[in-house]
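Okay, so here's the structure we're looking at.
Order of the sequence lines sets the chain letters (A, B, ...), proteins ahead of strands, with each chain counted from 1.
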Amino acid sequence: MTAQDMADVFHRIALLLELKGENPFKIRAYKTGAETVEGFAGDIVALAAANELGGIKGIGEALRDKLHEMATTGKLEFYDKLKAEFPESIFGLFDISGLGPKKIALLYKELKVAGVADLKRACESGEAGKLSGFGDKTVVKLLESIAFHEQHASEFRLGDVAPVVEQVLAALRENKQVGRVEVCGSYRRGKETVHDLDFLVSSKHPQEVIDAFVELPLFVHTIAKGGTKASTRTKDGLQCDLRVVSNEEFPFALTYFTGSKEHNVALRQRCLARGWSLNEYAITTSEGAEPPPPVHDERDLYRALDMEFIEPELRENTGELDAALHNTLPRLVELSNLRGTFHNHTTASDGNATLAQMAEAAQELGLQYLGIADHSKSSFQANGLDAARVRKQIAEIRALNDDFDGFKLFAGNEVDILKDGSLDFDDDLLAELDYVVASVHSVMNLPEAEMTKRIIKAIENPYVTMLGHVTGRLLLQRPSYAVNIPAIIDAAAATGTIIELNASPWRLDMDWRWWKLAKAKGVRTSINPDAHSVHGLQDLFFGIRSARKGWLERGDVVNTLPLGKIEKLLQAKRERLL
DNA sequence: GCCGTTTTCGGCCCGACTGTTTTCAGTCG
């Protein structure tokens, strides 16, 4: 079992205990236990196996023993017994917004609702509406939630599939029969969600490669298996396809399977104009046409069409082909360009690493600075800081900074934007901070005009350095609240406010589709992981993918600036309007 | 189930909103 597997068991125990109406604090203990395991910096599996888990906050005697059992036997008897009391499909009901443990338990007890399909039936038949605590409006809301859920069925967040991609690529690379290896499809294009994974390899022995592929331990089911392609499924239902081609075919197949479909159609049209026909294996020449130059890799393919190489993230047929013809493609920002990042939480609010631990992790990543932005007081659920605690944290940060060499912690705060657009702290306190992230965390159901006005009011406060997760969406779980993004972009442009690109794979917010507009208006971004643990800093990787998909260059991303320059920028943002 | 400069029990995270109620339970952040 991996650390994530063990954390998942704790998460599920918490859900099952909720269904049983157990002591809420016991449930909480399992949830924090799960988060502690997820965020643990070190090999928790090895430690648990060796019975050397001690003194970890949030892991007491009972959880420690359970981790030991999982690490040594790969199972947990307590969980297996608990699980047997409910059908497996019942977990799906927790993804329906508007449903919590009490309602799910009632639905199961009274109507034998064991999953989303049952729920839909019970809502449509009118049975659900008769239950105590349920009414017409509840049923309508549930049906809406089910529809949203169905719309995104069999989609996966980038963060959920990235570990699978890494494992499969590593396994394919180890195979001696395999030459070139790539992951294609929407994953390679950096889409925020994918519904399957497409792998491509070159080999002279396709059957052997296919046979080895379907036997990989992370697959639980083989959907199809032939001489050059196979389809499998992981335990989470993620479909993984493999195509095997020859080394000569590889660049054509890579382009073809990377897509997008629209990009490929446009590429083929350009080939036709030269008397060439492009498919996933080769370019063929019609009679009388000039033969294409030799193509050994993707770069050659684009070069054959007199184009610059088009990065996979840009291949959506939204202007990239023309830009490639005219040498006006952006030079996309890269992970290695980042020098620091803002919007990170610590144990002061709802993070699980201390200031010092976060600072150390940032330095290990090679960053020169890290912005701390814990929650403000109105975010009670996240243990938000009041003014006194903010001032205490500022002092702690200043003290830590005295000991750093070539690294700096910035004292910030993720200040709640209240319902009327005012901020959770007064300007005097904001002025003591190095920077401010302003975010909406409550009353997300305002009409669009009101929500837009509310956010713009916050942006207009000169102490607001950047706007956090603009739309509040949680991918595959909760849609954006109603907000006029172009109006927000205009306001940000007028005030010099940075719009965050929240890099959490749950958010990736602002969406990549808006960045071209923002860039055209002169709005810059900060790619922020919204890290709640040391591990969370890794989410910068997903943020970079989205930024690239939004055509962003190094100059568009403020946290590519070195320490000296970012300090000046934060200062200038305030002075500009004060 | 966790935690403790109050050490083996008694706290632990609070408030808004919604829809169902007719004073409150459930969900969410």
Side-chain angles (χ1 to χ4, degrees), chain A residues 9-11 13-37 53-67 76 78-79 82 93-107 109 123 128-145 345 347-352 374-386 389 414-420 424 439-447 450-451 454 468-469 471-474 477-481 504 506-507 509 530 532:
Chain A
V9 169
F10 283 170
H11 277 302
I13 289 173
L15 292 179
L16 291 165
L17 294 178
E18 281 188 318
L19 283 180
K20 294 186 66 166
E22 263 280 6
N23 172 5
F25 297 108
K26 187 174 180 176
I27 294 162
R28 177 149 207 87
Y30 277 100
K31 286 183 181 169
T32 49
E35 284 161 20
T36 306
V37 171
L53 287 176
I56 300 171
K57 199 167 154 16
I59 307 283
E61 208 178 325
L63 266 58
R64 193 180 60 208
D65 290 347
K66 289 187 171 71
L67 288 171
L76 184 62
F78 174 73
Y79 173 57
L82 200 54
L93 291 173
F94 284 93
D95 293 333
I96 302 297
S97 92
L99 273 193
K102 296 284 164 55
K103 288 206 162 103
I104 294 174
L106 188 68
L107 282 162
K109 184 162 168 267
C123 284
K130 290 182 203 150
L131 290 178
S132 136
F134 287 66
D136 292 348
K137 288 193 176 174
T138 308
V139 170
V140 169
K141 269 190 149 178
L142 286 176
L143 284 170
E144 278 171 12
S145 296
H345 299 268
T347 45
S349 65
D350 59 349
N352 70 10
D374 273 313
H375 287 284
S376 63
K377 62 177 189 292
S378 286
S379 280
F380 302 98
Q381 82 290 345
N383 189 24
L385 282 65
D386 60 18
R389 291 178 64 210
E414 184 182 18
V415 181
D416 266 37
I417 302 175
L418 306 179
K419 187 180 175 185
D420 66 353
D424 205 14
S439 308
V440 169
H441 289 114
S442 59
V443 208
M444 301 196 189
N445 54 352
L446 292 179
E450 211 175 316
M451 181 63 91
R454 169 189 185 185
H469 45 72
T471 74
R473 74 177 180 184
L474 293 178
Q477 190 176 87
R478 182 179 73 200
S480 157
Y481 39 68
S504 161
W506 281 83
R507 296 187 180 272
D509 186 7
D530 204 349
H532 287 72

Using atom [atom1] in both nucleotides, what's the gap between [N] and [M] to the nearest angstrom?
N	M	atom1	value
B:dT5	B:dG1	P	23 Å
B:dG4	B:dG15	P	25 Å
B:dC17	B:dT23	P	23 Å
B:dG11	B:dT18	C1'	30 Å
B:dT22	B:dC28	C1'	24 Å
B:dC13	B:dG19	C1'	24 Å
B:dT21	B:dA25	C1'	9 Å
B:dC12	B:dT6	C1'	16 Å

Please report the distance, rounded to the nearest Å, between [atom1] in [X] and [atom2] in [N].
X	N	atom1	atom2	value
A:Met444	B:dT27	CE	C1'	13 Å
A:Leu474	B:dC28	CG	C1'	11 Å
A:Lys31	B:dT27	NZ	C1'	11 Å
A:Asp65	B:dC2	CG	C1'	14 Å
A:Leu19	B:dT27	CG	C1'	14 Å

Side chains of A:Lys103 and A:Leu142: does their closest heavy-atom pair fall under 4.5 Å?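 When only atoms from C-beta onward are counted, A:Leu142 and A:Lys103 do not touch, as no gap falls below 4.5 Å.
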Check: protein-nucleotides 3-5 of chain B nitrogen or oxygen pairs below 3.5 Å:
{"residue": "B:dC3", "atom": "OP1", "partner": "A:Gly58", "partner atom": "N", "Å": "2.6"}

Any donor-acceptor pair under 3.5 Å from [X] side chain to [Y] backbone:
X	Y	answer
A:Asp424	A:Lys377	yes
A:Asp374	A:Leu385	no
A:Ser97	A:Ser145	no
A:Ser379	A:Gly384	no

A correct 5'-to-3' footprint of nucleotides 16-26 of chain B, with B, S and - meaning base, sugar-phosphate only and no protein heavy atom under 4.0 Å, is -SSSS-----S
Query raised in the report: Across all strands shown, which nucleotide pairs with B:dT27 by Watson-Crick or G-U wobble geometry, both distances under 3.5 Å?
Result: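 B:dT27 is paired with B:dA16.
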Pick the nucleotide of DNA chain B nearest each of A:Ser379 and A:Ala29; which residue has the one closer to the 5' end?
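Going by which nucleotide is closer to the 5' end, it is A:Ala29.
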side-chain contact (heavy atoms from CB on, under 4.5 Å) filter on A:Thr471, not counting sequence neighbours, yields A:Arg473, A:Ser480, A:Ile485, A:Asp509
Donor-acceptor pair between [X] and [Y] side chains, under 3.5 angstrom:
X	Y	result
A:Asp416	A:Ser378	no
A:Ser504	A:Asp530	no
A:His345	A:Glu414	yes

I need the full list of side-chain hydrogen bond (donor to acceptor under 3.5 Å, both in side chains) pairs touching residues 16-28 of chain A, with sequence neighbours left out, sorted by first then second residue.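 Sorted pair list: A:Glu18-A:Lys31, A:Lys20-A:Glu85, A:Glu22-A:Lys26.
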Quick one: which residue pairs count as a side-chain hydrogen bond (donor to acceptor under 3.5 Å, both in side chains) with a foot in residues 54-67 of chain A, not counting sequence neighbours?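 Residue pairs with at least one partner in residues 54-67 of chain A: A:Tyr30-A:Lys66.
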Inset, instruction - With heavy atoms under 4.0 Å as the rule, sort A:Ile27 into base, sugar-phosphate or nothing. - result: nothing
task: Pick base, sugar-phosphate or nothing for A:Lys377, based on heavy-atom distances below 4.0 Å to the nucleic acid.
output: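 Nothing: the residue A:Lys377, judged by heavy atoms under 4.0 Å, touches no strand.
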Filtered N/O pairs between nucleotides 11-15 of chain B and protein, under 3.5 Å:
{"residue": "B:dC13", "atom": "N3", "partner": "A:Arg28", "partner atom": "NH2", "Å": "3.4"}
{"residue": "B:dC13", "atom": "N4", "partner": "A:Arg28", "partner atom": "NH1", "Å": "2.5"}
{"residue": "B:dC13", "atom": "N4", "partner": "A:Arg28", "partner atom": "NH2", "Å": "3.2"}

Stepwise side chain to side chain contact (heavy atoms under 4.5 Å, CB included) check, A:His532 with A:Asp350: CA-CA 7 Å; A:His532 287 72; A:Asp350 59 349; 3.1 Å; yes
